[in-house]
Amino acid sequence: MSGCTAKQSTDTSERWVEVEGRRLKLTRLEKQLWPGITKAELIKYYAEMSDFILPYLRSRPMTLHLYPDGIEGKHFFRKEAPEFTPDWVRRFPYRAEDGKLINYILCGDRPTLIWLANLANIEFPITLSRIEDLEHPDLVVFDLDPFQPATFRDACMVALVLRDGLRQLGLQSWVKTSGATGLHVLVPVAPKYTFQQTREFVRRLGKMLESLMPEVLAEFRPVEERKGRVLI
DNA sequence: GCGCCGA
DNA sequence: TCGGCGCAACGCTTA
DNA sequence: TAAGCG
Ligand SMILES: [Mn+2]
């Protein structure tokens, strides 16, 4: 007998840690965020990966994606830095066009990353521009989504062709998975183009590839014609 | 996850 | 002391 | 024009 039927509700496991001189309390470390994966393990993962992750997050206003009840539970977003945010967490006040002021969290250091992991922030999506120049993205993203019966493999083929096209334009690109079956192809750019310009660039290149491989790509097609194709 | 608010 | 609640917002698609 | 989806 295991005798170990510890319930979630009885998980009072806590630990104070010091990260680069910042004291923070980790809570409910035994909470299962995925089947078989605890919050402690999520925090450990982000601690170990922090050197690789932080350069991408730095200077980008955060939208938190919080999953306090685990990946299958209710989740919610948060932009405004909560009242209980530690004072050493950097904030970025920004007034949107509608006049609403939001104090965004900036995650540029390890203590902030660990603090967010403890809040059960599972995902860290990034904005495409940085606060030094919000109007001009430093990343351009091609979003590749295969529509059934097209597969992840089809998306990969398209990504390779796209990479070659970008290379011919003198642009380096990097690929990452996105969601269950999609890909993102990222192109770092000097922050001197507007979002309108980069959006137009992506659409034009999509159109160009579409004319090159019309059987594979779904650009500018009605929804029902997208089946079996990849949409950029 | 956490603080707030009303019961 | 406890349970409920709020915590973002945008383009595309369809009705 | 609005509601629903991702
Ligand atoms: Mn996608």
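Hydrogens, waters and symmetry mates play no part in the numbers below; they use all other heavy atoms, side chains included. Naming: A, B, ... by sequence-line order, numbering from 1 per chain.
Distance from the side chain of A/F77 is smallest for C/dA8 among the nucleotides B/dG1, C/dT14, C/dA8. Nearest to the side chain of A/F76, among C/dT13, B/dC2, C/dC7, sits C/dC7. Considering only the side chain of A/K100, C/dA9 comes nearest among B/dG3, C/dT14, C/dA9. Side-chain atoms of A/E80 lie closest to C/dA8 of the nucleotides C/dA8, B/dG1, C/dT13. Of the listed nucleotides (C/dT13, B/dC2, C/dC12), C/dC12 has the atom at the smallest distance from the side chain of A/R203.
Look at CZ on A/R226: it is 9 Å from C1' on C/dT13, rounded to the nearest Å. When the C1' atom of B/dG1 is taken as reference, atom OH of A/Y67 falls 15 Å away, rounded to whole Å. Here C/dC10 presents its P atom at 15 Å from CG of A/L128, a figure rounded to the nearest Å. Atom CZ in A/R78 sits about 12 Å away from atom C1' in C/dC5, given to the nearest Å.
Contacts of A/I102 with the nucleic acid, taken as non-hydrogen atoms under 4.0 Å apart, involve only primed sugar atoms and P, OP1 or OP2. Among the protein residues, A/R199 comes within range of no part of the nucleic acid, since none of its heavy atoms lies under 4.0 Å from any strand. A/L66 comes within contact range of no nucleotide atom at all, as no heavy-atom separation falls under 4.0 Å. A/K74 comes within 4.0 angstrom of no nucleic acid atom, judged by non-hydrogen atoms across all strands. Within 4.0 Å of A/D69, counting heavy atoms only, lies no atom of the nucleic acid at all. Among the protein residues, A/R221 comes within range of no part of the nucleic acid, since none of its heavy atoms lies under 4.0 Å from any strand.
Remark: aromatic rings of A/H65 and A/F77 are close, center separation under 6.0 Å.
Nucleotides D/dA3 and C/dA9 are separated by 15 Å at their C1' atoms, to the nearest Å. Of the C1' atoms belonging to C/dA8 and D/dC5, the separation is 15 Å, rounded to the nearest Å.
Partner A/V185 forms a side chain to side chain contact (heavy atoms under 4.5 Å, CB included) with one of A/V158, A/L162, A/I232, A/V140 and no other, that one being A/L162.
Taking the six-membered ring where tryptophan is involved, the planes of A/F124 and A/Y46 are perpendicular, since the angle between them exceeds 60° and thus also 30°.
A/L183 is listed as a side-chain neighbour of A/F152, based on a closest heavy-atom distance under 4.5 Å. Between A/T85 and A/R91, the closest side-chain pair of non-hydrogen atoms falls below 4.5 Å.
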